[in-house]
Amino acid sequence: MAKPNILFLMCDDRRHDTIAALGNDGIRTPHTDWLVENGTAFTHAFNPGGMSSAVCMPSRAMMHTGRHLFHISGAGEAIPTDHTLLGEALQAAGYDTHGIGKWHNGKESFNRSFGSGAEIFFGGMADHWNVPLFDCDPSGRYDKQLPVIDDPLSSNTVRLRQCDHIYAGHHSTDIIGDAAVRYLSERNADEPYLLYVSFLAPHDPRSTHAEYQDMYPSQEIMLPPNCVSEHPFDNGDLDVRDELLADRPRRPEEIRKHVAEYYAMITHMDAQFGRIIDAVRCRGDLDNTIFVHCADHGLAVGQHGLMGKQNLYDHSVRVPLIFSGAGVPKGNRVDEMVMLMDVFPTLCDLAGVETPGSVEGQSVLPAMNGGGGRDKLFFAYLDVQRGIRTEKWKLIEYFKDGQHSRTQLFNVAAAPWEMRDLSGEESCAGTVSSLRAEMAVMGIALGDPLFGRLLQ
């Protein structure tokens, strides 16, 4: 039996609750909705955090290696050769692998993952109208950036890709979508493919075409109940770049504008999803292709008085995760907890490929078919925040100068907005104590250096 194609639709900063089909009636995402309706959506998928303020870098390293936060190299800026990458495993199984868009884990690891690629961005963020991009360079030097020239008729840029490709004022989302459609339209090989399409959107700077901006008048944006003017205490990283994107105290009208721009970028990206899905359909590959859609992490955008992802609240660690297509149950919603590092072994299971020994994640295929997921998760951000989550509870501990400084306890099953801290209530003392003990056991087992220092 022929192995299925795998098409990754990756994005940056997309929160778990930005999909119309999964309950957000304030956003338009028809093509993401199609993936939901024709596949399995995991409503409680998580990134465990990061040991860098650029959380996307360790998150992507974890996803592409299937390894936990403390078992990758550094913050994920490079990936050792003994950590098998998803693309490497699929190449060994006979896949053609092609990478497009953002890659935040080093040039050497890109070339190990992909046999070819186009419009590659090595970095964390860039002006969407002027992104430094590269074609795949087998030498690994990447010293020939695709040139950009000034357009006297536009406030944006013209990208001169080749003599026959000129992008006039093209947005990164369009450039990446074009490259994916081009690969699918021109491909005539017989072997299965892994097409990894990684958008920079909806990461700031949040700008897009007027047609998408006009869909979201900021005065009509409804803010969630946990949008407040200030975070109630110092969480250890309140002055990181992301937190400076809006004035303090946060003003509702300014946050509505940020959310409107965020939604506009997501709807723009969703339109490119539609073009890519149509290109697969035109090839006749729809029944033999597995689509995966996920994000590296979420984003606060005003919730808890925060703007970024440098925290352990659900809006920042919980992500969209959808599998759709060949071998995937349709119209399926799974509430079990899973992690981004579980994507790698899941794709191996779906494709009939042996999971490499370096992978630590667990396949979510059983959960797709009515089985269980993870019963508890461990989270970390720098040396200032640690967390543990079960189906019902989340405990977050804060540290300053290596010493414990603050505790929060939320009943996330009953109150998912994480607004009422129960850590000081006498009736919850036992819960706090038991979760602290479990957090310490998990941290020590994972090799978390913070717990090692606290025990000295």
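Computation of the quantities below employed the complete heavy-atom set of this structure, encompassing side-chain atoms and omitting hydrogens, waters and symmetry-equivalent molecules.
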Legend entry - NZ/NE/NH1/NH2 to OD/OE distance under 4.0 Å, R406 and D234: no
Donor-acceptor contacts under 3.5 Å from residues 34-42 side chains, at least two apart:
{"from": "N38", "atom 1": "ND2", "to": "W34", "atom 2": "O", "distance (Å)": "2.9"}
{"from": "T40", "atom 1": "OG1", "to": "P329", "atom 2": "O", "distance (Å)": "2.9"}
{"from": "T40", "atom 1": "OG1", "to": "N332", "atom 2": "ND2", "distance (Å)": "3.3"}

Legend entry - Check: D270 side chain, H31 main-chain N or O, donor-acceptor pair, under 3.5 Å: yes
Legend entry - Exam field: side chain K102 to backbone F122, donor-acceptor pair closer than 3.5 Å: no
Legend entry - Non-neighbouring partners of Y262 that pass ring-ring contact (aromatic ring centres under 6.0 Å, His included), sequence neighbours left out: none
Inset, instruction - Taking D242 for its side chain and M307 for its backbone only, find out whether a donor-acceptor pair lies under 3.5 Å. - result: no
Legend entry - Check: H268/D174 side-chain N/O donor and acceptor closer than 3.5 Å: yes
Inset, instruction - Identify, with sequence neighbours excluded, every residue that meets ring-ring contact (aromatic ring centres under 6.0 Å, His included) alongside Y263. - result: Y216
Legend entry - side chain to side chain donor-acceptor pair (under 3.5 Å) assessment of D296 paired with H104: CA-CA 11 Å; D296 45 11; H104 206 178; over 6 Å; no
Inset, instruction - Hey, could you give me the CG/OG1 distance between L195 and T289, rounded to the nearest 0.5 Å? - result: 9.5 Å
Inset, instruction - Report yes or no: is the cationic atom of K394 (NZ for Lys, CZ for Arg) closer than 6.0 Å to the six-membered ring centre of F379, at no more than 45° off its axis? - result: yes
Legend entry - Check ion pair R241-D204 (N to O, under 4.0 angstrom): yes
Distance-only donor-acceptor pairs under 3.5 Å for side chains of residues 62-70, two or more places apart:
{"from": "H64", "atom 1": "NE2", "to": "Y196", "atom 2": "OH", "distance (Å)": "3.2"}
{"from": "T65", "atom 1": "OG1", "to": "A61", "atom 2": "O", "distance (Å)": "2.7"}
{"from": "T65", "atom 1": "OG1", "to": "R67", "atom 2": "N", "distance (Å)": "3.3"}
{"from": "R67", "atom 1": "NE", "to": "H71", "atom 2": "O", "distance (Å)": "2.7"}
{"from": "R67", "atom 1": "NE", "to": "H83", "atom 2": "NE2", "distance (Å)": "3.4"}
{"from": "R67", "atom 1": "NH1", "to": "S358", "atom 2": "O", "distance (Å)": "2.8"}
{"from": "R67", "atom 1": "NH2", "to": "H71", "atom 2": "O", "distance (Å)": "3.2"}

Legend entry - Partners meeting salt bridge (charged side-chain N to carboxylate O under 4.0 Å, His left out) with E108 (sequence neighbours left out): R112
Inset, instruction - May I ask you to decide whether D314 forms a salt bridge with R15, counting only side-chain N to carboxylate O separations under 4.0 Å? - result: no
Inset, instruction - Would you indicate whether the side-chain heavy atoms of T43 and H16 approach each other to under 4.5 Å? - result: no
Legend entry - D143: side-chain contact (heavy atoms from CB on, under 4.5 Å) partners, not counting sequence neighbours: D137, R141
